[in-house]
Amino acid sequence: MPISNQVAVVGTGVTRFGELYDRSYLSLLHEAATAATDDAGVEVGALEAAWLGTAEPQLGALVGDSAAAVTEALGFAPRPVTRVANFCATGMEAVRAAALAVAAGEYEVVLAVGAEKMRDLAPRESLVAKTVEQSHPVIAKGRTAPGQFALVASRYLHTYGYGRDVLAAVAVKNHQHATNNPKAHYRTPLTVEQVLAAPMAAEPLGLLDCTPTTDGAAAVVLASRRWAERNARQWVLIQGIGVGSYAGYYPALFRRDNDFLGFAATRAAAASAYRQAGITDPRAQLDLVECHDCFTITEIVNTEDLGLFAPGTGGAELLAGTTSLGGELPVNVSGGLQSCGHPVGATGVRMVAEVTDQILGRAGRRQVRGARRGLAHNLGGPGAVAAVTVLGAA
């Protein structure tokens, strides 16, 4: 069965994102999942299966290494549980796997939940240290995420003649959006001057161009369209969902066809999702976008890769206010990864929940007026994988 318009999001739940030292992984998973089931108006016992997105369980004493964490946190036994991981696209991959199982007719109502605890470790034990110290001894020694995306930023600014102010504009916009999101990690507005004056992480990316590591969880309850029409109080339909891959973690930066001006995986995932959703002009046919802004440059190039803007014009559209709340096509009205933070396994699920809430008109002060169709996008690793989900009003 085709997935387009056959699977519904019938409930969402998101914890507060932040430095949650007083919360355990299992408690966050439980909070998000029960919030989603409460929103859907179903008991946990009514769920037939669950998918868990956790990318880095070794950061939390292996909790989340298996989807049995769902069994433990929710009393889910003996129903099937599956853990998925796909770099920073992990959360949306959990949603995709759950949606495909429903579309296939295997289940009527299921759970997709993402959770990550990233702040309980000292810097020398963190994901950054793992990347630097535990990867390939030659081609990846000393390699960091800021360093990798700084290559894209340098190439983009040089090729299209922008200055660092265009990068700062992303941080300023998304921090301003986050003032309306009580669950965001950072909710303090920034100025361009503050972003430009921040300590340099990897030229031209400063500290405030980078996403924080964060704790948090998010969940959605998915159901067949038939089940939603009979039982749901309100719902949004998945119109298209696609994943694209480009290369492994190490070779992604070394392929000769990598122009460092965008990400082929995003273009492939978007093409798949658009084909399913019948989208031919995404700028005209989408009302809002939650896109991966792990670094400020990433949002700019991703808006181009998603076909919202022509190559090289994403920066100009940003500066013109097109992507701000109230603009023609708002991007990351939640605050994005820049302000919400990035608990890797939870991020993609949070994005799907945000777009769902926007379409249902319940996003509060950050509500996009008249939102009927939106897109959520994850980019994983150094552009190695990407996931795109298009959601629309029932």
Atom pair CZ (R23) and CG (L28), whose distance is rounded to the nearest 0.5 Å: 4.5 Å
Let's go through E290 and S334 carefully: what are the C-alpha distance in whole Å and the side-chain angles of both, what is the deciding distance for side-chain hydrogen bond (donor to acceptor under 3.5 Å, both in side chains) to 0.1 Å, and is it a yes or a no? CA-CA 8 Å; E290 284 285 308; S334 66; 2.7 Å; yes
Could you check whether any side-chain N or O of S324 sits under 3.5 Å from a backbone N or O of G327, counting only pairs where one atom can act as donor and the other as acceptor? no
Under a 3.5 Å distance rule, please check whether T15 uses its side chain to pair with a backbone N or O of A217 as donor and acceptor. yes
Going only through I, L, V, M, F, W and Y residues with side-chain contacts under 4.5 Å, is there a path from L375 to V349? no
Does a donor on one side chain sit under 3.5 Å from an acceptor on the other, for Q338 and N332? no
Closest approach of A77 and T71, non-hydrogen atoms and distance? N-CG2, 3.6 Å
Minimal heavy-atom distance between A346 and G114, with the atoms involved, is CB-O, 3.4 Å
Using a 3.5 Å distance criterion without hydrogens, assess whether the side chain of T303 forms a donor-acceptor pair with backbone atoms of I300. yes
Does a side-chain heavy-atom distance below 4.5 Å link V195 with V172? yes
Does a donor on one side chain and an acceptor on the other come within less than 3.5 Å for Q276 and S272? yes
Working to the nearest 0.5 Å, report the span between CG of D120 and OH of Y21. 7.5 Å
Separation between CG (L288) and CD1 (I359), nearest 0.5 Å, reads 7.0 Å
Are the side chain of T37 and the backbone N or O of A33 linked by a donor-acceptor pair below 3.5 Å? yes
Quiz question: by atom type and distance under 3.5 Å, do the side chains of R366 and N180 form a donor-acceptor pair? no
Does E317 pair with R283 as a salt bridge, N-O distance under 4.0 Å? yes
Greater than 12 external heavy atoms within 6.0 Å of R372's CZ: no
Do any N or O atoms from the side chain of Q367 and from the backbone of Q358 form a donor-acceptor pair under 3.5 angstrom? yes
Should L26 and F76 be counted in the same cluster of Ile, Leu, Val, Met, Phe, Trp and Tyr side chains packed under 4.5 Å apart? yes
Steps toward salt bridge (Lys or Arg N to Asp or Glu O under 4.0 Å) verdict (D259, R155): CA-CA 8 Å; D259 62 6; R155 181 65 183 271; over 6 Å; no
One pair to check against side-chain contact (heavy atoms from CB on, under 4.5 Å): D293 and N302. What are the steps and the verdict? CA-CA 8 Å; D293 60 327; N302 280 329; over 6 Å; no
If you look at every heavy atom in A353 and V14, which pair is closest and at what distance? CB-CG2, 3.9 Å
Check for me, please, whether V331 and V301 land in the same ILVMFWY cluster - side-chain distances under 4.5 Å, paths through other members count. no
Taking E116 for its side chain and G345 for its backbone only, find out whether a donor-acceptor pair lies under 3.5 Å. yes
Nearest-0.5 Å distance that lies between atom CG in L237 and atom CG in N5: 5.0 Å
Indicate whether the side chain of S224 and that of E108 have a donor and an acceptor atom separated by less than 3.5 Å. yes
Hey, quick one: are L222 and V243 part of the same hydrophobic cluster, counting side-chain heavy atoms closer than 4.5 Å, chains of contacts allowed? no
Quick one, R119 and L20 - any side-chain contact, counting heavy atoms below 4.5 Å? no
Closest heavy-atom contact between D287 and G370? OD2-O, 3.9 Å
Under the side-chain contact (heavy atoms from CB on, under 4.5 Å) rule, what do Y160 and L261 come out as? Steps first, then yes or no, please. CA-CA 10 Å; Y160 297 117; L261 292 173; 4.0 Å; yes
E106 side-chain N/O to V102 backbone N/O, donor-acceptor pair under 3.5 Å: no
Side chains of L308 and V289: does their closest heavy-atom pair fall under 4.5 Å? yes
Distance from L306 atom CG to L286 atom CG, nearest 0.5 Å? 8.5 Å
Derivation and outcome, salt bridge (Lys or Arg N to Asp or Glu O under 4.0 Å), residues R350 and E354: CA-CA 6 Å; R350 175 194 65 75; E354 175 71 27; 5.1 Å; no
Using distance alone, with no hydrogens and no angle criterion, decide if T211 and H342 have a side-chain donor and acceptor under 3.5 Å apart. no
Dump the intermediate steps for side-chain contact (heavy atoms from CB on, under 4.5 Å) on F149 and L379, then the final yes or no. CA-CA 12 Å; F149 285 89; L379 182 71; 4.0 Å; yes
Given side-chain contact (heavy atoms from CB on, under 4.5 Å), test V333 with N181 step by step and report yes or no. CA-CA 9 Å; V333 293; N181 185 356; over 6 Å; no
Looking only at heavy atoms, which two atoms of C210 and A201 are closest? And how far apart? SG-CB, 4.0 Å
Whether H292 and H377 hold their rings parallel, tilted or perpendicular, with breakpoints at 30° and 60°: perpendicular
Close side-chain approach of M351 to L337, heavy-atom, < 4.5 Å: yes
Any donor-acceptor pair under 3.5 Å from R83 side chain to T54 backbone: yes
Tell me if a side-chain donor or acceptor on D209 pairs with a main-chain N or O of F295 at a distance below 3.5 Å. no
Working note: N174 + E299, criterion side-chain hydrogen bond (donor to acceptor under 3.5 Å, both in side chains); need CA distance, chi angles, decisive distance, verdict. CA-CA 10 Å; N174 290 354; E299 176 177 308; 2.9 Å; yes
Does T82 reach the side chain of L52, with side-chain heavy atoms less than 4.5 Å apart? no
Nearest 0.5 Å, what's the CZ-CG distance between R373 and L391? 10.5 Å
Give the intermediate values and the outcome of salt bridge (Lys or Arg N to Asp or Glu O under 4.0 Å) for residues D39 and R362. CA-CA 12 Å; D39 186 43; R362 57 185 194 182; 2.6 Å; yes
With the side chain counted from C-beta on, respond yes when C88 and N378 share a heavy-atom pair under 4.5 Å apart, and no when they do not. no
Quick check on the hydrophobic clustering: are Y156 and L151 connected, directly or via other members, by side-chain heavy-atom contacts under 4.5 Å? yes
Full working for salt bridge (Lys or Arg N to Asp or Glu O under 4.0 Å) between K117 and D215: CA-CA 5 Å; K117 281 286 284 181; D215 301 333; 3.1 Å; yes
Are T179 and P189 packed together at the side-chain level, in the sense that at least one heavy-atom pair is separated by less than 4.5 angstrom? yes
NZ/NE/NH1/NH2 to OD/OE distance under 4.0 Å, R226 and E229: no
Side-chain donor/acceptor of H175 to backbone N/O of A171, under 3.5 Å: yes
Does some side-chain heavy atom of Y162 sit less than 4.5 Å from a side-chain heavy atom of L318? no
Measure across R267 and D305 and return the closest heavy-atom pair with its distance rounded to 0.1 Å. NH1-OD1, 2.8 Å
Are F263 and Y246 an aromatic pair, judged by ring center distance below 6.0 Å? no
